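Accompanying notes for the structure given below.
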Amino acid sequence: MFDVSKIRSEFPILAQKIYGKNLIYLDSGATTQKPVSVLNKIQSFYTEFNSNIHRGVHYLSNKATEEYEGARETIKQFLNAETKEEIIFTSGTTDSINLVAFSFGETLVNEGDEIIVGETEHHSNIVPWQMLCERKKATLKVLPANINGELNILEYKKLLSEKTKLVAVAHVSNSIGIINPIKMIIDEAHKFGAKVLIDGAQAVQHLAVDVTGLNCDFYVFSGHKIYAETGIGVLYGKKKLLETLKPYKGGGDMIKSVSFEKTEYAELPFKFEAGTSNYVGAVSISEAIKFIRKIGLEQINSYETELIKYTEAKLSEIPGLQIIGNSEHKTSAVSFLLSGIHPYDIGMILDKLGIAVRTGTHCAEPAMKLFGIQGTVRASFAIYNTKEEIDQLYEGLLRIKKMFD
Ligand code: PMP
């Protein structure tokens, strides 16, 4: 096993005190903190070779382009994509999903077609599909989950038909941390010729992802949840499929030639990267992947799984505490409620103890409706968290319980 204290020393923000207490950051599902290697890379990019990419013939522009395209290569390897052209830089998961909803929707979805989304999805993986269905007079179908938040595969098989054009599900649910059976979901959809988009926003930082092995059509994630910058994200798409799709945004960098009579679009991946992209952000993802590789995703996953199991066991000792989303297959987060105490109050008091958790619906209102609740308290983890921090969370919750009792 690796040395967690050494890893923590690579995250300067974690050394802070909040209200005089050691910071306990249990909100990495919302965004992860950044290691010094990523922070240094951003600084050195701006101090040594900042220049706009793809456009200049001068040294700095070439250097910046090299770094940006190098990042694409690193991400290609990280996801095990077949070619670099399958990696599109976007501004984040939300942007990637909107890109697919527009480009795939405009090209391949017609009146009467169906799109399936999971019941426990983040709003980012619901609303763009609703908008598409409204535009195209298509129908949105919901892949139901059971009361634990596990997707119901039997019901899923009944929903699939020749009308299904696309299935969109999260690899890992952000509100409850359940790992969905995406391989099975993909294989079943393909039997009907439907395409599958996997929202990997809560997965890539915790689990090894092999898009070629999974055979998914699209896979998306955000930089800021994988130890990199905000404002940058990735869309993986199968090359043959991406080639058939219309571009999402028009502008510079995405064209081969422009005239008032006829504009020709650039080849992949540039066709989907209009305007100056967040090239420093892209490079930060590449650096974050190096940080992850140094530890190894297998080690990361086994350590974080141990943390989740420890958290669930420890919190379950508290009378009146209910874990939302009980499943064997979890990573990244534990959501819970404490009987008779509003999640918001819990979050506010934990904050005063230096403990950062998230409260509310976690942008997953349909999931909360399924559980019959208004929201939860969510503790979400990253590689820098420790069992001692979970003990502090446990102590904090006991204190809150006493106050309210
Ligand atoms: N999907 C999931 C599963 C998420 O957790 C999030 C972020 N909470 C998103 C989509 C949206 O990500 P972003 O805000 O970075 O676009």
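Whatever order the structure lists ligands and atoms in, that order sets their numbers, starting from 1. Along the sequence shown, residues are numbered consecutively beginning with 1. Keep in mind the model is a prediction, meaning the values are calculated, not measured. Because only heavy atoms are used, hydrogens play no part in the values below, and waters and symmetry mates are left out as well, while side chains stay in.
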How far is [atom] from the closest protein heavy atom, and which atom is that?
atom	value
atom 4 (C) of ligand 1	His122 CD2, 3.4 Å
atom 16 (O) of ligand 1	Thr94 OG1, 2.6 Å
atom 3 (C) of ligand 1	Asp199 OD2, 3.4 Å
atom 5 (O) of ligand 1	Gln202 NE2, 2.7 Å

Next item on the list: Number the atoms of ligand 1 from 1 as they appear, then name those within less than 4.0 Å of a heavy atom of Asn174, with their elements.
Entry: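 Heavy-atom distances to Asn174 below 4.0 Å select 3 (C), 5 (O).
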Check: Can we say Lys76 and Glu85 salt-bridge, meaning some charged N sits less than 4.0 Å from an Asp/Glu carboxylate O?
Finding: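 No salt bridge links Lys76 with Glu85.
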Notebook entry, point to check: Are any of the side-chain nitrogens in Lys191 or Asp187 under 4.0 Å away from the carboxylate oxygens of its partner?
Noted result: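 No, Lys191 and Asp187 are not salt-bridged.
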Next item on the list: Could you tell me whether some N/O pair between His224 and ligand 1 is separated by less than 3.5 angstrom?
Entry: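 So ligand 1 has an N or O lying under 3.5 Å from an N or O of His224.
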Check: Mind checking whether Lys225 has an N or O less than 3.5 Å away from an N or O of ligand 1?
Finding: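 In this structure, Lys225 places an N or O atom under 3.5 Å from an N or O of ligand 1.
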Check: With a cut-off of under 6.0 Å to the ring centre and 45° to the axis, is Lys387 in cation-pi contact with Tyr310?
Finding: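 Yes, cation above the ring, under 6.0 Å and within 45°.
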Does [X] approach ligand 1 within less than 4.0 angstrom via side chain, backbone, both or neither, non-hydrogen atoms only?
X	result
Glu121	neither
Ser222	side chain
His362	neither

Check: What residue among Leu398, Leu397, Ile390 forms side-chain contact (heavy atoms from CB on, under 4.5 Å) with Tyr394?
Finding: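 Running side-chain contact (heavy atoms from CB on, under 4.5 Å) over Leu398, Leu397, Ile390 with Tyr394 returns exactly one hit, Leu398.
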Check: Relative to each other, are the rings of Tyr227 and Tyr384 parallel, tilted or perpendicular (30° and 60° limits)?
Finding: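 If you compare the ring of Tyr227 with that of Tyr384, the planes turn out perpendicular.
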Next item on the list: Quick one: sort the Phe218 and Phe104 rings into parallel, tilted or perpendicular, breaks at 30° and 60°.
Entry: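 Aromatic pair Phe218/Phe104 classed perpendicular.
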Notebook entry, point to check: Can you name the nearest heavy-atom pair linking Leu159 to Thr164, along with the distance?
Noted result: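 So the minimum-distance heavy-atom pair works out to O-OG1, 3.9 Å.
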Check: Could you give all pairs that pass the side-chain hydrogen bond (donor to acceptor under 3.5 Å, both in side chains) test and reach residues 295-305, with sequence neighbours left out?
Finding: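 The answer is His206-Glu304.
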Check: Out of Thr93, Val220, Thr90, who gets a non-hydrogen atom closest to atom 12 (O) of ligand 1?
Finding: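 The residue whose heavy atom sits nearest atom 12 (O) of ligand 1 is Thr93.
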